Structures are given as C-alpha cells and as structure tokens.
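Encoded as structure tokens, the structure appears first; notes follow it.
Remember, it's a predicted structure, so these values are computed and weren't measured experimentally.
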Amino acid sequence: MILARLSSAYTIYSVDSSLQIAQRALTLARRIGFKKGEARSLNAVGYALREHGRLPEAMEYAYKALNLTTAIGEISEKASAINGIGVVYVNLGDDRNALTYYKQALKLFEDLGEKRNIGIQLNNMTSVYIRLGLLDSAQLTNRRAYPLVKDLPESVVKSSVIRNRGRLKALTGNPQSALPDYRQALRLTYEDNNLRNRSQIQYFLADLFWGLHQPDSCLLYGRQALLNSRFVYKTNIPRTARLMASVYKSRNNFDSAYHYLQIATAAGDSLYGPEKFQKLQLLTLREQHRQQVLLAAQEIYQNKVRLYSLLVGLAVIGLIALILYRSNRQKQKANHLLQRQKEEIHRQRDKAETALTNLKATQTQLIQREKMASLGELTAGIAHEIQNPLNFVNNLSEVSTELVEELAEEIKAGHTADALDLTGDLKETLQKVSHHGQRAGAIVRGMLQHSQASNGQKEPTDLNALADEYLRLAYQNQRAKDQDFTAELKLNVDPNLGKVNVASQDLGRVLLNLYNNAFYAVQEKARAAANGYQPQIEVSTHRENGVVELRVKDNGAGIPPEILSKIYQPFFTTKPTGQGTGLGLSLSYDIVTKGHGGEMAVESQENTYTEFVITLPVAKPA
C-alpha cells in the first residue's frame, strides 16, 4: 500500500519512476495474496501507463482492476478503476464515453463520502463539459468542486480546479480576466513540483496569449509546456506543437512551422497510431466477448431451469391424466388440460430452438471477430519486429557515451589534438545514430499507418488552400536540406472549386508524400542533367461532373514503364537504400481509395515527366 501511494506521488514529475514503483507494488501484493493491495496496485500501474501515453495497456489494467474490485467488493478502488477508464477515453478524444464513466465513479465516491475524490471527479467532469461546449454544466461542477479541495494540504487537485475556473472565464467573458487564475494555478504547481499540471497550464496560457495577439508570450509558454510534457504528460505534446506551428506559420517562418508540425504528427502517431488503436479494439472486443459469454451461459442456465420445470409439470400432468382416465366423468376435462399442456410444450420448444439459433449466430460472429483481432495483432507484431534495427542505435549511443568520457579526459589532460580527433569520431557516430534511428522510425511509422484504414474525421475543406500550404511547407523543407536547390512552383487552381468533405490531415499526408517524391525526382535529374535544366513542380485542381480532380506534375526523370505497375506495392521503392521506406505511395493509395472512395492514377514518360492524378467524389457538406 505504501509503494502504491509512493507511485501516485511520483506521477506529477517522473512517470518512469511511478511505473517502476507501481509494478513492484503489484508483484509484492500478488506474492502475498493481498487482493486489496493488488487492486490498488493495478490502478497505480494503469495510471502511470496512462500518463506515459501507453493507452491500450492502461485500459487493460483498468479493466483488470475493475474486475478484481467487483469480485472482492472493494468499492473505493472500483471507483478509481472506473475513473481510470474515463481518463483513457478523454485521451482518445471520446468525451461522451468519458463522461459516462466519470458519473459512475462520482456516484460511488459520493456513497462513500470521500470528499477529495468527489472533488477530483467534479473537476474531471468540468474539463469534459468545457470540451463539449456545455459551459453552464462546467460552471456548476467547478463551483461544487472548489469548496471540497480548497483546504487540502496538497496543491495538485486545487491547481487543476483553479485552472478550469480560468478556462471558463476565458470562454465566457473577457480573456484577460482568466490570467490571475492561470497564474495562481501555475504558482501552486511549484509548491510540489507538479510538472503535469504545470505543462497543462502553460499550454492554456500559450493559447490565451495567441488569442490576445501576443505571439511572443504564446511561444514562451508553448516551449515551456513542450519541455515539461516530455516527462509526465505526453498527450499534451500534439496540441501544443500544433499551436506553435500556427504561430510560426503566421510569421511566414515555414521551417519552424514544419518542424513543429512534424513533432505534432510524430507524437500523435505515437499516442494514437494504428498499432495502439488496434490494441484498444482487441481489448474492447475481448471485454465484449467476455460479457457475451456470460450472457450466453446465463441464458443456457435459464433454459435448463425452464426445461426442468416443464418436465416436472409433465410428470404432474401424467399423474392427473392417469387419475382422470379412471374416471369417465372427468375424461373430457383431462383431454382439454392435456391439449393445453401440449401447446405449451410446443411453445417452449420453439423458444428453445430460437435461443439455440441466436447462440450459434453469436458464436459465429465471435469467431470472426477473433480472427480479425488476430490479424490486427499479427500486423502490429510485424511492425514491432522492425524496430530491431533500433538496437544498433542503442549500441552507437553507448559508444558515444564512451567517446564523451574520453574527450573529457583528453581536455582535462590538455591533449588538444587528441580531443579534436575524438570530436570527429563523436560527430561521425552521432550522424550514424541519427541516420539509423530516422530510418527505423520511418519504417515503423509507415507500417503502423499501413496496418489499418484511415478513420479521420471528414469536414468541409478548401482543397486549393490545403494544396498550396503543403506545397510551400514541402519546398521549404527541401530547401532546408539543400540550400542550393531551387524549383519553379506553379499553382493552377480552380477558383470555383468550393469546399469538399475530406479528412484534411490524411489528405495532407498524401500531398506531402507526392510533393516530396516530386522534389526528389527533379533534384536527381538536376544533378545528372546539363546546365539549362529548370526543375518545375505544377499543382492544379479542377471540378467537373460531380468530382474534384487534383494533379501533381514534375519534369523529373519519370518512371520506367516496367515498374509503373508496382509503385503502389508496400515496400517497393526506386530510391537508394536508406532514402525511402516504400510505404508512402501505398499508404497514400489506401487513403484516397479506401478512406475517401476516390481514385489515384499516374502518368509518366521516362526522362520527361511524372503526373499523379487524384479524383475525389464531391459530397455536399452536412
């Protein structure tokens, strides 16, 4: 129990330590058969995993804690497990489900009279109501929460409640009035070194200053929020990085905007990528399967009870029929009663046959779901195996550490020449670390993205603006890699295109991949061609006959006819080893065809040009 409490204390500034201590507590509780301690430890492990960004594992431990606490009747820990499930749903962006679990946990804590936990649940509900836009409900729960937590000796919960009070002021009145609450909450986080709450408040301060048109203050708090979020609150990284990308974009600083956009994308893939989503699906499916098995067993038991009751009834009827048979005067009455019982038998038989049919259908469906879940696990397992090259990065990191130690010794000894030689070795080693790390990471991310179809939310989007934005970002990124590279960018857009219902983030990923391939093609041709060659990238849009057509054309080296049919195959690439994963076009094809119901085609002439054509059906915005 002490280890579990210690784990909870560490979550505000060291998630790794929190997880290790919680796992020690769980091991000890299981070894001595201490069920209450095991339940407490399961909740502690789940909480630490949740803060670590490992959402599928966090959900699994929360379910384990819920099942155990239900079995042993430990109400307080059961409420904590339910709250943990709600927090995972918040991190997944499913606020409706989160609110359902928060209300269940609040009811249990109110029955127990635990004021501190009641305040925590009310504050959690306040945050959800704010995201759902239910500001009246949010103000009500916030006012109920503050008296319960204001006199607590620790400042963790108090700073969260005051922070939400500031958010409500910013949303319902003058944003300037929110600053005192935000700063008071921020000061409280320094009393107990609460990095988690501090990173959240710093993000809200950055967002507030961005709304007040004070970009310098926005960038200051945004950087602080990112720095603290790396250690204790990783789910805060994507939204903070996207905010900073917007600020730099408004300043036309496309290099920094692209850099923070990459941070947001990488963090989002790490937290909510296909592998973790599949694990959550599998976990939910297993829980549904367990519930269905319990319901099926209950129904079978009820059918047996009905059958035994029917047999007893038949025995009684047979006895009555024998007595009535001996009495001619009661013969007709007995026949009538027997007929009624016969009809009841047929009715029960039909009902039993119907239940058996439903049970078979449910069994078939469960088998199919298990097959699909197994397929998802296989895909995720393959992606996991590809991370083995990262061992090479770890080995190089150890070498780098040794080189740094040797360098320090040479500097202390005054051996300047030897120190310079070591710096050269260190630089070369770190370049290898970066190269292999980026290569392995790109392959893993590509496979995880490829393991399931996109489920991005579609919304009315200005495709002309989207195409232009990603073209500029890709060009600036290419220029950052090679300052001597130049290309002529042509943007021929249809002014009457209108907005189209698409998943803008997914389609942006497709455009970014096509642009990067185009820049690579013209850059390679420029290196081999004689003077006078001018690289050109042309992007055009057109709307006609119920479809939108988007074209990306380059005057690069083109694609040989013999490999044209293979370009959408996973892992097929024409780039040298280390420069491409072979997953970009495959993933792009799936996003366009499966995610948007469109078509993706390519036209190319070797040594002349390559043009990709994306065709999307036009659906009127809801």
Side-chain angles (χ1 to χ4, degrees), residues 10-21 23-24 48-49 51-54 193 195-196 198-199 219-220 222-234 237 240-241 244 255-256 258-260 262-267 269-271 383-448 477-485 575-581:
Y10 266 98
T11 54
I12 62 176
Y13 53 85
S14 177
V15 177
D16 290 337
S17 299
S18 173
L19 180 57
Q20 293 175 2
I21 295 170
Q23 289 171 336
R24 285 175 54 197
L49 289 170
E51 295 302 300
H52 212 285
R54 294 158 64 177
N193 197 23
L195 294 180
R196 185 189 190 281
R198 191 180 307 164
S199 66
L219 291 176
L220 172 66
R223 292 190 190 100
Q224 294 175 357
L226 279 179
L227 180 63
N228 291 324
S229 297
R230 290 184 305 164
F231 302 105
V232 294
Y233 191 46
K234 295 183 179 180
I237 294 177
T240 306
M244 296 187 70
D255 287 345
S256 295
Y258 185 80
H259 170 70
Y260 283 105
Q262 284 182 316
I263 291 177
T265 302
D269 289 342
S270 173
L271 292 169
H384 176 73
E385 288 299 325
I386 295 179
Q387 295 186 73
N388 287 334
L390 293 179
N391 292 330
F392 185 65
V393 174
N394 294 332
N395 294 334
L396 287 173
S397 298
E398 295 178 3
V399 173
S400 300
T401 303
E402 295 174 359
L403 287 173
V404 170
E405 293 174 353
E406 292 181 19
L407 179 60
E409 293 175 0
E410 295 297 339
I411 292 174
K412 289 179 180 178
H415 299 158
T416 307
D418 293 336
L420 289 175
D421 290 341
L422 286 173
T423 58
D425 294 340
L426 180 60
K427 180 179 180 181
E428 181 180 354
T429 302
L430 291 177
Q431 287 174 343
K432 289 180 181 179
V433 170
S434 176
H435 171 76
H436 289 284
Q438 292 174 4
R439 169 66 178 162
I443 293 175
V444 171
R445 286 194 300 273
M447 288 193 66
L448 293 176
N477 182 51
Q478 191 70 23
R479 289 270 297 161
K481 296 178 182 176
D482 183 0
Q483 295 182 353
D484 297 330
F485 174 77
K575 296 178 183 177
T577 302
Q579 296 191 27
T581 64

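Under the ring pair (Phe, Tyr, Trp, His ring centres under 6.0 Å) criterion, Tyr258 pairs with no residue, sequence neighbours left out. Taking the side chain to side chain contact (heavy atoms under 4.5 Å, CB included) definition, one finds that Ala225 meets it with Gln202, Tyr203, Asn236, Thr240, sequence neighbours left out. With sequence neighbours excluded, the residues that form a side chain to side chain contact (heavy atoms under 4.5 Å, CB included) with Gln478 are Phe485, Phe519, Gln523.
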*Verdict with supporting geometry, Asp255 and His259, side chain to side chain contact (heavy atoms under 4.5 Å, CB included)*: CA-CA 6 Å; Asp255 287 345; His259 170 70; over 6 Å; no

*Show the numbers, then the answer: is there a side chain to side chain contact (heavy atoms under 4.5 Å, CB included) between Lys427 and Thr423?*
CA-CA 6 Å; Lys427 180 179 180 181; Thr423 58; over 6 Å; no

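Minimum heavy-atom separation, Ala241 to Leu226: N-CD2, 4.2 Å. Residues Arg54 and Leu19 share a closest heavy-atom pair of NH1-CD2, 3.5 Å.
Distance NZ/Lys412 to CG/Leu407: 11.0 Å, rounded to 0.5 Å. Rounded to the nearest 0.5 angstrom, Asp484 CG and Arg479 CZ are separated by 8.0 Å. To the nearest 0.5 Å, the span separating CE on Met244 from CD1 on Ile263 amounts to 8.0 Å. The CG atom of Leu227 lies 10.0 Å from the CD1 atom of Ile237; values are rounded to the nearest 0.5 Å.
Other residues, nucleotides and ligands contribute only 12 or fewer heavy atoms inside 6.0 Å of the CZ atom of Arg24.
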